[in-house]
Number of protein chains: 2
Amino acid sequence: MVRPREFNEEQALDAAMQVFWEKGYEATSLSDLTSRMGIQKPSIYSAFGDKKALFETALRKYNQFHASSVRSRLQNKPSVKEGIRAFFEGLIDEEYGGQPNRGCFCINTMAELAPHDEKFEILTREHQMYLTVIFQETIERGVRSGELAIGLNPKALAQTLVVFLIGLTVMMKSRPDRLFVQNSVESVLALLN
Amino acid sequence: MVRPREFNEEQALDAAMQVFWEKGYEATSLSDLTSRMGIQKPSIYSAFGDKKALFETALRKYNQFHASSVRSRLQNKPSVKEGIRAFFEGLIDEEYGGQPNRGCFCINTMAELAPHDEKFEILTREHQMYLTVIFQETIERGVRSGELAIGLNPKALAQTLVVFLIGLTVMMKSRPDRLFVQNSVESVLALLN
DNA sequence: ACAATTACATACCGAACGGTACGTAATTGT
DNA sequence: ACAATTACGTACCGTTCGGTATGTAATTGT
């Protein structure tokens, strides 16, 4: 150990995550990054590698955070159906409450980079698969407890809900009338009956 | 009228649409455009305005084409439910058949530009609203014909299907196992029972 | 024939891009 | 005290960006 870093790496990475989340990969410049991270370009390169490597590190951090957030919002809820409903309605509340709209970093990346970069195709797909497992386990819990019908197919339902979740997140970027997305959530929940 | 254009504007616009569709707004450079459109930069500027104006014109053209394509795939099908199923399965077939994956130009734009540019927020939203009407009319036709139950809410169902359509399109950019998306389609169609 | 107007290609503009060389300051072990 | 190593800021690299000025070729009406 010689001279220690003067900046906090976690903090800088967090700032980078915010910028990439907000603007996407292409639209984010290195000067956007230096100003928001509070460090200069050579520090970025020595600590995180080039722009794409930094982006990947930021996305991985986001995915971890996001997965545990989804998990905590779906698990340990008394009613599975109400838990899922509250999950979707929470997303809507977030997007329609004042603050600007950045959606989900992973979904943004799926749209922007996955078709042109296999690394991100895999990274984003794996995250969606992980979310699907969380939904599936939640639905299975509801079936076991008797809240949900035995005839349901938890895996297929979880896949549908993840697809719906992606659609809801992207759709809200165009800021449709709030009733539009609320209706669609209410309607898709009928699948759990 | 003096000297006539040497290039075909429709053809050039079509080429621009393909590039923007494939790469998005930010990742498309003017030299990408000139090489694919077969004309030089000053010709682009005199015929279509700047990069963003060209993008908007290309997107409007896409939306017209896309809306009529969706309309023709949903209307005049003997069975409404089978028509909708064939519609989604057709999307899956397209995406998993050889060719590279570009999704839907309007959805790509919703993800990339809508949050940062009100013009595209509106443009993309209006297209989704238009698609919703097509779905709604299709479902209403099924209810009238007796194929679908009277208790259904065609508007809410249409909204759900549009959200699902967006999710399906974006999800496929990460190239999940084909069964994933097929299951999710089969599962969401249960809403029509 | 010729003036007027438009289209086109070339060549260029300043600015911003992603990325790095380099000199200096700071910290360590010896 | 000093050699070794790392961090940092500045200043710079070549390239590409979006966009345009300019000169010339082509077409028209008169």
Side-chain angles (χ1 to χ4, degrees), chain A residues 1-60 105 108-109 112-113 116-120, chain B residues 1-60 105 108-109 112-113 116-120:
Chain A
M1 176 71 154
V2 282
R3 181 179 171 182
R5 286 252 152 77
E6 289 177 8
F7 63 93
N8 179 320
E9 288 191 37
E10 277 313 308
Q11 217 169 301
L13 179 57
D14 213 76
M17 183 183 89
Q18 304 289 337
V19 188
F20 281 132
W21 185 357
E22 189 178 311
K23 310 187 65 166
Y25 179 75
E26 290 287 349
T28 297
S29 71
L30 280 183
S31 52
D32 290 330
L33 290 168
T34 55
S35 67
R36 293 273 291 265
M37 298 170 81
I39 59 180
Q40 305 299 325
K41 284 189 277 184
S43 300
I44 294 181
Y45 279 82
S46 72
F48 304 105
D50 68 11
K51 188 187 174 190
K52 207 144 209 170
L54 172 58
F55 183 89
E56 182 184 345
T57 307
L59 178 57
R60 287 186 186 277
F105 186 15
N108 295 351
T109 303
E112 183 183 7
L113 299 184
H116 310 99
D117 189 325
E118 194 184 358
K119 176 175 281 173
F120 292 102
Chain B
M1 176 71 153
V2 281
R3 179 178 172 181
R5 286 249 152 79
E6 289 177 9
F7 63 93
N8 180 319
E9 288 191 37
E10 275 314 308
Q11 218 170 301
L13 179 56
D14 213 76
M17 183 183 90
Q18 304 290 336
V19 188
F20 281 132
W21 185 357
E22 188 179 313
K23 310 186 65 166
Y25 179 75
E26 290 289 347
T28 297
S29 71
L30 280 185
S31 53
D32 290 330
L33 291 168
T34 56
S35 67
R36 293 272 291 265
M37 298 171 79
I39 59 180
Q40 304 300 324
K41 285 189 275 183
S43 300
I44 294 181
Y45 279 82
S46 72
F48 304 105
D50 68 10
K51 187 187 174 189
K52 209 145 208 170
L54 172 58
F55 184 89
E56 183 184 344
T57 305
L59 178 57
R60 287 185 185 276
F105 187 13
N108 295 351
T109 303
E112 183 184 8
L113 298 184
H116 308 99
D117 189 325
E118 195 184 357
K119 174 174 282 173
F120 291 102

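The structure displayed is predicted, hence computed values, not measured ones. In what follows, chains are A, B, ... by sequence order, proteins preceding strands, each numbered from 1.
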Please report, rounded to the nearest Å, how far the [atom2] atom of [N] is from the [atom1] atom of [X].
X	N	atom1	atom2	result
F48(A)	dC8(D)	CZ	P	11 Å
L30(A)	dG19(C)	CG	C1'	7 Å
I44(A)	dG19(C)	CD1	P	10 Å
F55(B)	dG19(D)	CZ	C1'	19 Å
L33(A)	dG19(C)	CG	P	10 Å
K52(B)	dC17(D)	NZ	C1'	15 Å
N8(B)	dC8(C)	CG	C1'	17 Å
K23(A)	dC17(C)	NZ	P	9 Å

When we call it a touch if two heavy atoms are under 4.0 Å apart, what does T34(B) touch: a base, just sugar-phosphate, or nothing?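 Contact class for T34(B): none.
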For the side chain of [X] and the backbone of [Y], is there at least one donor-acceptor N/O pair under 3.5 Å apart?
X	Y	value
E112(B)	E26(B)	yes
K51(B)	T28(B)	yes
D32(B)	S29(B)	yes

For DNA chain C, what are the stems built from at least three Watson-Crick or G-U pairs in a row, each pair having both distances below 3.5 Å?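 DNA chain C stems, ordered by first number: C:1-30 with D:1-30.
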Once the angle between the rings of Y25(A) and F55(A) is folded into 0 to 90°, is it parallel (under 30°), tilted (30 to 60°) or perpendicular (over 60°)?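 Taking F55(A) first and then Y25(A), their aromatic rings stand perpendicular (interplane angle over 60°).
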What do the steps show when you test F48(A) against L13(A) for side chain to side chain contact (heavy atoms under 4.5 Å, CB included), and what is the final call? CA-CA 9 Å; F48(A) 304 105; L13(A) 179 57; 4.1 Å; yes
Give a yes or no on whether E118(B) atom CD has more than 12 heavy-atom contacts from other residues, nucleotides or ligands under 6.0 Å away.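 Counting other residues, nucleotides and ligands, CD of E118(B) stays at 12 neighbours or fewer.
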What do you reckon, is NZ of K119(B) surrounded by more than 12 foreign heavy atoms closer than 6.0 Å?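 No.
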Does [N] have OP1 or OP2 under 4.0 Å away from a side-chain N or O of [X]?
X	N	result
S43(B)	dA7(C)	no
K41(A)	dG19(C)	no
S29(A)	dC17(C)	yes
S31(B)	dC17(D)	yes

Nearest to the [X] side chain among [options], which nucleotide is it?
X	options	result
Y45(B)	dC17(D), dA21(D), dG19(D)	dG19(D)
P42(B)	dG9(D), dC17(C), dA21(D)	dA21(D)
K51(B)	dG19(D), dA21(C), dC17(D)	dG19(D)

Start at the 5' end of DNA chain C and walk down; is the nucleotide closest to E26(A) or to Q40(B) reached first?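 On the 5' side of the pair lies Q40(B).
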